[in-house]
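Here is the naming used below: chain letters follow the sequence lines, and residue numbers restart at 1 for every chain.
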Amino acid sequence: MKTLVIVESPAKGKKIQGYLGSAYKVKASFGHIRDLPAKKEDIPKKYQGEAWARLGIDVQGGFQPLYIIPADKKAVIAELKKLAGEADEVLLATDGDREGEGIAWHLVRALGLKGNFKRMVFHEITEDAIRKAVQNTRPLDYALVGAQESRRILDRLCGYGVSPALWQSIGSGLSAGRVQSAALAALARRERARMDHVPADYWRVLAQVMPEGEGAEPFTAVVVSIKGQGLAGPKDFGADGQLKSDSPALAITGEQAARTVAFLKAKGVKVAKVETSAYSTKPPAPFTTSTLQQAASRALKMGPKRTMEVAQRLYEGGRITYMRTDSPALSEEATEAARAVAVGLFGAGSIPAAPRTFAAKGNAQEAHEAIRPAGKDFKAPDQTGLAGEELSLYRLIFTRTVASQMTDLQGSKTTLHLKSGGVGLQSSGRVVLDPGFTRLYNDDTDKKDEQQLPNVAEGQALPVQDARAEVKKTPAPGRFTEASLIKALENAGVGRPSTYANIIEVLKNRQYTALVKDQLYVTWLGLVVAAYLQDQFPALVDLAFTVKMERDLDRIAAGELQREAYLTEFWTNGLAQTIRAARHGPPALALNKFAGVVVTARQEQIVMVRDGKAVPLALDLVPDTLTPEGVERIMAGETVRPRASRGAAPSGQSKKRKGTGKPRKKAS
DNA sequence: CAGTGAGCGAGCTTCCGCTTGACTT
């Protein structure tokens, strides 16, 4: 009789089957196989009358969860059950993280396994790692399973607990949750800051300085101080457009700037000091899911959702390793393969003597290695036969992986300090001496400081060929792109590799956010929801909420904290009471730039209110583009939309929101 | 008297995380 090995992904199963041979049968669970009921129709008849049925958790009965097998998993379970019955032993080879342990336990229960099972764990899919894992099985870790269940229960209590407060206060079908609400709050804070931003004018004075010598080229220097006082730049102004009261900087007028220009042209400059220092840049680590999404967004203009679809195809085609991972670590065979490619392309000097190793961040679960070309010999991109987006993404992964094992970039950075009477100027430049890994991979979009500076001596006087003053406006805080939001969430430990792309889709489906070009803006609805949650559930929208949850779950996994005690503290003594005490009614969003104007919700619509008159607002009107004239037109009943609106922006409001956007199931 | 339509009321919505196809837009 055979040994049945159960993994999560069928592509992974196929590979492992090849390593283990015919004495083993490797099958996939396709992820989680049991879950709390999502909708009323999923609740078994015998529980439908229970008061806790909607939550799917019997809170009074010790937070007992009600698990069902979702319809699309019934066939999988039936097959696994049959195979398990024929096998002598079952190896639960789901991922080596908290969710994987949970899936393993659910498999034990759903398949009715009785003692003839063991847990098999590996962190890379190489023949060596798999053979060792089969030899070194362990029992199921029930404390870790308890941590996974606690995570699942907490998320259900947050989501299904708080969402109804939104239905009653703002509109039906709206949603809140530990992850999506933290993400929405981060977006909304930025949007509010942009709406409140008052730009300030500041002057910059630039000089074209001519060095001595034949064929010398002028270089640019910028005025940084006058009479020892630094000139004010964007950082010195507050959101109100005024110079910050504690700023020591000098904000010059246009007149002063013009005088400085004339002064520099007449007097020239003197070299006060030359500073030169060596610098080096290390290659970035191999890709994790989050960094892949960021790089694909920058380099290929590919959104996170698309990136994951293409990566999935590369993975299924055996081109790359698993694409949902939080670890940048390379296996030994991958490290060797990367170094071999670098040597083949650029010679033995292109790699450091010792291989580089990369460690994951503290909160990572490291069930997989980094995203890299598959196998122990990396195929060059043009040898793969791939085309289009698949080729582009593969090339990105290939070059990043190989570059991670190459030498540092070495360069020299020079800063010239110039003086002209009381006027201080600076010019800086960088020179690359050895490009190192950047010969293969370069994602440094920072192009400033790249001018090459001439050799000048301290004390030398140089003529100013030309000088000019320019007035600039302090920029509003930048919006998030999809990739930068994911980066921010990952840094805060919110969300997982399998959900990053999905978080944004949820916020879009709820019409909380939408794209303008490649930037996420928050709709009026999103702002009202965020304001309500901030008022009534500040703990939920705090980015630190998940950090604390993770700490508590770790204690549960370590056996230091009991699941029921934790959930009682969190829910019974905490969130459940907050929900009961929450105000039911929408918040009134005051617009700082428009006195007397308030945005709020009435009868399932977002409205603008002034002097008691309420007018519906179009959701594709980008909040920070609102002008005083726009307010007048809206109040007069005109539909105000951005002129160039097209594509992804949600159009207007519909009284019935479509929920997830999926068609409702027809009654059979 | 049968068919239509306005108006009303009841019931439902919702989470996060792990996986792929099978479905429409």
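- Of the side-chain N and O atoms in Ser172(A), none sit less than 4.0 angstrom from OP1 or OP2 of dT13(B).
- Stacking is found between Tyr160(A) and the pyrimidine-like six-membered ring of the dT14(B) base under the 5.5 Å centre-distance and 30° plane-angle cut-offs.
- Of the charged side-chain nitrogens involved, at least one lies within less than 4.0 Å of a carboxylate oxygen, so that Arg98(A) and Glu550(A) count as a salt-bridged pair.
- Atom pair Ile503(A):CD1 and dC18(B):P shows a separation of 11 Å (rounding to whole Å applied).
- The salt bridge (charged side-chain N to carboxylate O under 4.0 Å, His left out) test with Glu390(A) is passed by exactly one of Arg313(A), Arg306(A), Arg319(A): Arg313(A).
- Heavy atoms of Asn502(A) sit nowhere under 4.0 angstrom from any nucleic acid atom.
- Per the geometry, CG belonging to Leu184(A) stands 15 Å off C1' belonging to dT14(B), to the nearest Å.
- Of the candidates dC12(B), dT20(B), dC16(B), the closest approach to any side-chain atom of Lys40(A) belongs to dC12(B).
- Electrostatic pairing of Arg152(A) and Asp35(A) counts as a salt bridge here, judged by a charged N lying under 4.0 Å from a carboxylate O.
- Of the candidate nucleotides dG21(B), dC15(B), dC18(B), dC18(B) has the atom lying nearest to any side-chain atom of Asp97(A).
- Nearest-nucleotide positions on DNA chain B for Val179(A) and Asp95(A) put Val179(A) closer to the 5' end.
- Taking only distance into account, the side chain of Arg496(A) never meets the base of dC16(B) through a donor-acceptor pair shorter than 3.5 Å.
- Salt-bridge annotation for Glu101(A) and Arg138(A): present, with a side-chain N of the basic residue lying under 4.0 Å from a carboxylate O of the acidic one.
- Comparing dG17(B), dT20(B), dT19(B) by their closest approach to the side chain of Arg178(A) singles out dG17(B).
- Contact annotation for Gln312(A): backbone-only contact, meaning every heavy-atom pair under 4.0 Å involves sugar-phosphate atoms and none involves a base.
- Taking only side-chain atoms of Ser9(A), from C-beta outward, the nucleotide of dG17(B), dT19(B), dT14(B) with the closest atom is dT19(B).
- Per the stacking criterion (ring centres < 5.5 Å, plane angle < 30°), Trp167(A) stacks onto the base of dT13(B).
- Look at Tyr500(A) and you won't find any side-chain N or O under 4.0 angstrom from OP1 or OP2 of dG17(B).
- Distances from the side chain of Arg510(A) to the nucleotides dT14(B), dT13(B), dC16(B) place dT14(B) closest.
- Side chain of Asp35(A), nearest nucleotide from dC18(B), dG21(B), dC16(B): dC16(B).
- Contact annotation: Ser163(A) side-chain N/O to dC15(B) OP1/OP2 distance is not under 4.0 Å.
- Leu174(A) places its CG atom 14 Å from the C1' atom of dC12(B), with the value rounded to the nearest Å.
- Nearest-nucleotide positions on DNA chain B place Cys158(A) closer to the 5' end than the other of Ala11(A) and Cys158(A).
- Between Asp155(A) atom CG and dC18(B) atom P the separation is 11 Å, expressed in whole Å.
- Taking atom NE2 on His32(A) and atom C1' on dC15(B), their separation rounds to 13 Å, with Å as the unit.
- Using a 4.0 Å heavy-atom distance criterion, Arg54(A) is classed as a base contact.
- Nucleic acid contact for Pro10(A): sugar-phosphate only, since backbone atoms but no base atoms lie under 4.0 Å from a heavy atom of the residue.
- For the pair Met323(A) CE and dC18(B) P, the interatomic distance rounds to 12 Å; values are reported in whole Å.
- Within 4.0 Å (heavy atoms only), Gly177(A) reaches sugar-phosphate atoms of the nucleic acid but no base atom.
- Relative to the six-membered ring of Tyr322(A), Lys12(A) meets both conditions, a distance below 6.0 Å and an angle of at most 45° to the axis.
- In this entry the distance linking CZ of Phe545(A) with P of dC15(B) reads 15 Å, nearest Å.
- Put simply, the side chain of Arg156(A) and the base of dC16(B) share no donor and acceptor less than 3.5 Å apart.
- Checked for salt-bridge contact, Lys487(A) and Glu490(A) miss the test: no charged N lies under 4.0 Å from a carboxylate O.
- Phosphate proximity of dG17(B) to Gln148(A): absent, as no side-chain N or O sits under 4.0 Å from OP1 or OP2.
- One interatomic measurement links the two molecules: CD1 of Ile103(A) to C1' of dT20(B), which rounds to 13 Å at whole-angstrom precision.
- Using a 4.0 Å heavy-atom cutoff across all strands shown, Ala176(A) reaches sugar-phosphate atoms only and no base atom.
- Partner of Glu482(A) under the salt bridge (charged side-chain N to carboxylate O under 4.0 Å, His left out) criterion, out of Lys517(A), Lys508(A), Lys301(A): Lys508(A) alone.
- Arg324(A) has a side-chain polar atom (N or O) that falls below the 4.0 Å cut-off from OP1 or OP2 of dT20(B).
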